Every structure is written in C-alpha cells, then in structure tokens.
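First the structure, in the form of structure tokens, and then the observations on it.
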Amino acid sequence: MNSELMDALRALARDKGIDEYDMLDKLEASLSSTYQRILDLDNDLRVVLDRETGRIYVYEQVRDPDWEGEPDEAPVVEERDVTPPDVSRIAAQSAKSVITAIIKDAERERIFEEYADRIGESVTGTVQQSDNRFTLIKLREGVEALLPPSEQPSNERYDHNQRLKAYIIDVRKTQGNEPSIVASRTHPGLIRRLFEIEVPEVYDGIVEIKSVAREAGARSKVAVSSREPGLDPVGACVGPKGSRVRMVVSELRGERIDVVPWKDDPAAYVAAALSPAKIDRVIINEETHTATVIAPDDQLSLAIGKEGQNARLAAKLTGWRIDIKSSTIAAEQGLVGAVAFNQESAEEFDGRCVWVTAAGVRCRNKARPGSYYCGVHEKEAADE
C-alpha cells in the first residue's frame, strides 16, 4: 500500500458514510488473519497499517512462556518484525474483499437505521415478486419490504411492477445482518396515512383521526374531529362529491369506508359509529362498559350489518360493548321512557321534548328552556 491508496480509502469512507478509523481497524484485523495463515507461525500476529504512509508492518507476538494462566492472557514479552517482502501485494488483495464487506455492512446499517425510524409510516413501492408465501415490494434500489400473507387483505392480488402503498410495522435484522422491512396492507394505520396524503386538513393537524376500526378488504370506520370551530371534519375527509375518500377507497381496492364524527359523549359517539343506521336511543352503563342501543325496527338490520359487521366495527371504533335492540323488543323489556340518548337531541336538538313513549313514539311537546323535556315529562325523566 502507499499514501495515495490511503487517500483513496479515506475518500471512499467519506463517500459511503463509513467511519475511517473503524474501516482501517477492521482491515488490520483481516490482514492479521491473512498473514497468520500465510506465515504459519506458532505465535499470534499483529498488523500495523501506518495511517500516513500506508506502509504495512507485521509483528510476531511472543508471550511469556512462564505464564500460568490462560495462554491468550499471557503478556507479550517481545514483538518480532516478520513483515514479508510481498506484503503490499497480499494486503491489496485482502483490502479489496474487506472494504467490499465493510461497505455492504455500512449500507445495511444505514438502511436499518433509516427504516427503523419510519415504523408507523406508509411507503410506496413496486411489486417485485408475489406468491402464496410472500410479496416483495421494491422501495428503492437495493431496498425491499416484505409483505407477508398475514398482512395482505384476502381480496387483493398483486401484479409484477404494480405500484403499491403499504404501512411499515417492523424493521429487524436477519441472521446475515440484512435489514428486514416488514410491511402491512391490513393495518388500521395505513388508513390514517392515506387520509394524511389525501386530506390537507388531516396532514396539517386541523382535523384529527381519533380512531380507526378495520376489517381489511371489506369495510372500515374512521372517527374524526376538528380542532377548528366551524370546520366539518367529516366533510373535509369525504371531500367535494366524495373525491377525497374515493381516492383512499381506490388505493384499498374498493374497501368501504365510513367517516363518522367523533363525540365526547359516549352515547352520541356510539350512535354516530353505527352510521348509516339511524338510532333512537343509546343507554350507557359505565360499570359494565356496555352501550344498549335501541334502533327503529326498520333500522335494526342496518345497525347490525351483514353478519354483524356494522355493530362489530362500531364496537372496535368506540371501545364500548354494543347491544342492539329493536324498538319493539325494547318496549317489551321496558327500556323506553326517559332517554339516555336521542340522536336529534344530541346532535341537532330541534327544541322538541325528547321523551319516547312505550310505543316508541317521540313526544310532540316543546321542551322547557334549558331542558330536553317538556313540563309533562321532565319530572318523569328525573325520576328514572
């Protein structure tokens, strides 16, 4: 080696973002092993690479023969210069393989650190390989993400070179120190990120996605609220003529998305979560964390949804256990009367008394000032 080669190594370290001293230390260690094998000496070798001139020195380390402990721990009592005449030629051959390995390790570490900081973000790539075992998504040159079958919606199939968005759920190192980026197309977080892309108000934090419930490939519910008074968060996410939510639905291959308003009041929130069904009442039991929902008879099947999907998603979205009853059944069980929740009174109170009779009919009287009930029913409401 020579000073020009040392300068080249330093330049390479800078270009690749590699620690120069670490690279030279590893090169010395590799050369020690190489010369140990070539010279076949009984004692250990130490290689010194002069950082300025690039000259290489090989020393045989003679340890104390009277040492009674572990041989590897015996102190070195003498170093003999055993530098071979063709040291530079051998070093150049070894240096090439060592530097190549160092560069690969540094690149792996850089990719790992970059994507480990991006867990919980969405990425876009192109499908490189897809079969029943896994799908590989190329994120950029030399970087791929793994999309396992468990993270793929059952209704999705992928074609080679197809562009795809996915959500990073894990970044880990394999046995060969290769970074493994694991992505998902089923994670609820993907919906959050897609809305951030399509809805400026969500990206800017004006509209907040409070909760997401998802059955990937079929249907999702998203609860949103606004930090800006007067701004309709649902309208912002849906967009003009549904343009914004339609882009999210398109990326998710037609997965249906219900955007509902988040409510601080749990009864109102549960009712909103059961959209598009219209709900008469929601009775909240804090002790059992159960919401008993009373739906008009003609809205019962809509509230429950096909195979219970609507109710199931609403429960995931709100965190409440939901029990849905028809108005007829509720009347038979004595659940009508004083209203724990009425959709009109909670969201668009029109001034009418919110009392519901045993027959499921709402009172037609005007409510008293500051109350949801008329003078006839206010006392009855207070007694229940």
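Position 1 is the first residue of the sequence, and the numbers go up from there. Remember, it's a predicted structure, so these values are computed and weren't measured experimentally.
Here Val171 sits in one hydrophobic cluster together with Ile111, Phe112, Tyr115, Ile119, Val123, Val127, Ile137, Leu139, Val143, Leu147, Tyr158, Leu164, Ile168, Ile181; the rule is ILVMFWY side chains under 4.5 Å apart, joined directly or through other members. Applying the under-4.5 Å side-chain rule to Ile, Leu, Val, Met, Phe, Trp and Tyr, the cluster around Tyr57 extends to Val48, Tyr59. Other members of the hydrophobic cluster containing Phe134, listed by chain and number, are Leu136, Leu146; membership follows side-chain contacts under 4.5 Å among ILVMFWY residues, whether direct or relayed. In the hydrophobic clustering, Val62 connects to Val77, either directly or through intervening members, whenever side-chain heavy atoms lie under 4.5 Å apart.
Every pair passing side chain to side chain donor-acceptor pair (under 3.5 Å) that includes a residue from residues 237-250 is listed here, sequence neighbours excluded: Glu201-Arg244.
Taking 4.0 Å as the cut-off between side-chain N and carboxylate O, Asp170 and Arg172 count as a salt-bridged pair. Using a cut-off of 4.0 Å between Lys/Arg side-chain N and Asp/Glu carboxylate O, Glu28 and Arg51 are scored as salt-bridged. Contact check on Glu52 versus Arg55 returns no salt bridge, with no Lys/Arg side-chain nitrogen under 4.0 Å from an Asp/Glu carboxylate oxygen. Under the 4.0 Å criterion applied to side-chain N and carboxylate O atoms, Arg163 and Glu251 are not assigned as salt-bridge partners. Under a 4.0 Å N-O distance rule, the pair Lys104/Glu107 does not qualify as a salt bridge.
Nearest heavy atoms, Val76 versus Glu79: CG1-CG, 4.1 Å. Residues Leu317 and Ala273 come closest through the heavy atom pair CD2-CB, 3.9 Å. Nearest heavy-atom pair across Asn285 and Trp320 is O-CZ3, 3.7 Å.
Glu60 contributes atom CD, which lies 7.5 Å from atom CG of Asp42 (distance to the nearest 0.5 angstrom). Taken to the nearest 0.5 Å, the OG atom of Ser211 stands 11.0 Å off from the NZ atom of Lys316.
Taking the side chain as every heavy atom from C-beta outward, Leu302 and Pro276 approach each other to under 4.5 Å. With contacts defined as side-chain heavy-atom distances shorter than 4.5 Å, the pair Ser327/Asp280 qualifies. Here the side chains of Val207 and Val199 are not in contact, with every heavy-atom distance at 4.5 Å or above. You'll find the side chain of Asp258 reaches within 4.5 Å of the side chain of Arg219, heavy atoms only.
Scored by the side-chain hydrogen bond (donor to acceptor under 3.5 Å, both in side chains) test, Thr328 finds Asp297 as partners (sequence neighbours excluded). For Ser184, the side-chain hydrogen bond (donor to acceptor under 3.5 Å, both in side chains) partners at least two apart in sequence or on another chain are Glu151, Thr186. Not counting sequence neighbours, Asp204 has no partner by the salt bridge (charged side-chain N to carboxylate O under 4.0 Å, His left out) test. By the salt bridge (charged side-chain N to carboxylate O under 4.0 Å, His left out) test, Asp50 pairs with no residue at all, sequence neighbours left out. The salt bridge (charged side-chain N to carboxylate O under 4.0 Å, His left out) search around Asp131 returns Arg133, not counting sequence neighbours. Residues satisfying the salt bridge (charged side-chain N to carboxylate O under 4.0 Å, His left out) criterion with Glu255, sequence neighbours excluded, are Arg214.
The backbone N or O of Ser275 sits less than 3.5 Å from a side-chain atom of Lys221, completing a donor-acceptor pair.
In the model, Asp44 has no side-chain atom that pairs as donor or acceptor with a side-chain atom of Gln61 under 3.5 Å. Looking only at atom types and distance, the side chain of Glu178 has no donor-acceptor partner in the side chain of Ser180 under 3.5 Å away. Under the 3.5 Å distance criterion, with hydrogens and angles disregarded, no donor-acceptor pair is assigned to the side chains of Glu144 and Gln128.
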Cut-off 3.5 Å, no hydrogens considered: what does the side-chain donor-acceptor table look like for residues 224-237, sequence neighbours left out?
unit_1 : atom_1 : unit_2 : atom_2 : d
Ser226 : OG     : Glu228 : N      : 3.0
Ser226 : OG     : Glu228 : O      : 2.8
Ser226 : OG     : Leu231 : O      : 3.4
Arg227 : NH1    : Gly205 : O      : 2.5
Arg227 : NH2    : Glu208 : OE1    : 3.2
Asp232 : OD1    : Val234 : N      : 3.2
Asp232 : OD1    : Gly235 : N      : 3.4
Asp232 : OD2    : Gly235 : N      : 3.1

Point to revise | Test log, rule side chain to side chain contact (heavy atoms under 4.5 Å, CB included), inputs Lys165 and Arg193 | key: CA-CA 10 Å; Lys165 286 184 173 64; Arg193 297 307 179 194; over 6 Å; no

